[in-house]
Protein chains: 2
Amino acid sequence: MPIICSGWALSAVMLADGSRQILSFLLPGDVVSPCLMFEPKPTCFVEAITTVTYRAFDRAGLWQLVAANPSAMEAMARVWTQQRRRAEELIVDLGRRSAAERIARLILGLVERLQERGLTSGPLEIDFPLRQHHIADATGLTPVHVSKLLSEFRRRELIRLSERSLAILDPAAFRAAANMR
Amino acid sequence: MPIICSGWALSAVMLADGSRQILSFLLPGDVVSPCLMFEPKPTCFVEAITTVTYRAFDRAGLWQLVAANPSAMEAMARVWTQQRRRAEELIVDLGRRSAAERIARLILGLVERLQERGLTSGPLEIDFPLRQHHIADATGLTPVHVSKLLSEFRRRELIRLSERSLAILDPAAFRAAANMR
DNA sequence: CGATTGTTTGATGAAAGTCAAGTACCGTGG
DNA sequence: CCACGGTACTTGACTTTCATCAAACAATCG
């Protein structure tokens, strides 16, 4: 059970034709794969996006800790439910939202998670190591289409995105774009 | 923590514009909402499709059982991982597969789950209470498009679907249609 | 029987994918 | 220092997939 200490990673599944779907981005503080607590064989793979440092904990030891310590169990439960909730949101996004909404929501979700952990580089600004093909694989789109929609966001001055840095320039309008339905 | 005894139900999220996304179909033997084990407040809602009977277990009692009994813990872990795996598959389907593939995979998944539980009405035949709008809400499509693709499957004699009963006529070809990429 | 809900079908439109060409940005080696 | 290659990004033309709209039909139920 590794936990990310620094850097970004992703977990994804690969399909037969070479396309892939990213299940989640892993930020500092995230448990790489909470399902590993139960199931040793992973169903997806994990890949570093930036240089990543992590610490690994062993399952048996964690189980002992959890059995002995109710607050550890609660912490574990929080991780589980949070992960579950994020998976459900992704299902809704992929099933029922437009390309622009999916991209905007992905960005907002990442910014919020970094804010919670105090990893921002400004009020609404973060280091943003994702390539457009990462965004495409996470939102179920093509890199070309992602490029067009990001250009559109820039043209409307909702975000600034350059040199691996992202800022939300117009939070209200950008949130609106993320919630159009 | 209710468990379905008979009938079909669904869990879903509703969006602001009235469209909805079905997260999973609940068949006899399914735990309605494993996340309820941790989190009392549900993030989605549950709805009956047919007449449903269920038994409810209370969280506190289950926790005691799990703490005392390692095999109960293992059973719980199985439910959790299975649910997680199904969520991941749905993400991949919605993100990276065509409409026809999504529908075929949904049907195959349901048939397999009923087979595991011995709830089939024939070798490759099941009672099928879903309306086309259920299929649409589960696959992120419109009912109209679902109708067209089901007609296509029928025309190619891959399935028979009438009077709330479904049979897979050509398993090999139907599986191929579910796995085109 | 009428009313409601579900399904089919066709015509049309919008969203996203594909293809292709061109640009910018490195890192490498001469 | 600059040429070279590779990767990422941009942009436009065109195609495909799926949504929308509308009309007709079928089934179900009070």
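So that the names make sense, note that chain A is the first sequence line, chain B the second, and so on, each numbered from 1.
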Filter on ring pair (Phe, Tyr, Trp, His ring centres under 6.0 Å), then keep only pairs touching [range], sequence neighbours left out; what's left?
range                       : result
residues 162-181 of chain B : B/F153-B/F174
residues 42-72 of chain A   : A/F38-A/W63
residues 92-124 of chain B  : none
residues 115-141 of chain B : none

Contact list for DNA chain C against residues 141-154 of chain A - heavy-atom distance below 4.0 Å: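 Heavy-atom cutoff 4.0 Å gives A/L141, A/T142, A/V144, A/H145, A/K148.
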
Which salt bridge (Lys or Arg N to Asp or Glu O under 4.0 Å) pairs, counting each pair once, include a residue from residues 61-74 of chain A, with sequence neighbours left out?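 Counting only pairs at least two positions apart or across chains, no salt bridge (Lys or Arg N to Asp or Glu O under 4.0 Å) contact touches residues 61-74 of chain A.
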
Could you write nucleotides 23-30 of chain D as a row of B, S and -, 5' to 3', where a protein heavy atom under 4.0 Å of any base atom gives B, of only sugar-phosphate atoms gives S, and otherwise -? --------

Bend angle of the helix from C/dC1-D/dG30 to C/dG30-D/dC1 from five-pair axes at both ends, rounded to 10°?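 It comes to 30° between the two terminal axes.
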
If you link I, L, V, M, F, W and Y whenever their side-chain heavy atoms are under 4.5 Å apart, who else ends up in the same group as A/L23?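 Direct or chained contacts put A/L23 with A/V13, A/L15, A/L90, A/I91, A/V92, A/L94, B/V13, B/L15, B/L23, B/L90, B/I91, B/V92, B/L94.
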
Which is the 5'-most and which the 3'-most nucleotide of DNA chain C that has an atom under 4.0 Å from a heavy atom of chain B?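 Footprint of chain B along DNA chain C, 5' to 3': C/dG6 to C/dA11.
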
Test side-chain hydrogen bond (donor to acceptor under 3.5 Å, both in side chains) applied to B/S98 - qualifying residues, sequence neighbours left out: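 Only B/E101 meet the side-chain hydrogen bond (donor to acceptor under 3.5 Å, both in side chains) criterion with B/S98.
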
Restricting to side-chain contact (heavy atoms from CB on, under 4.5 Å), what partner residues turn up for A/A173, sequence neighbours left out?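 Here the qualifying residues are A/L158, A/D170.
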
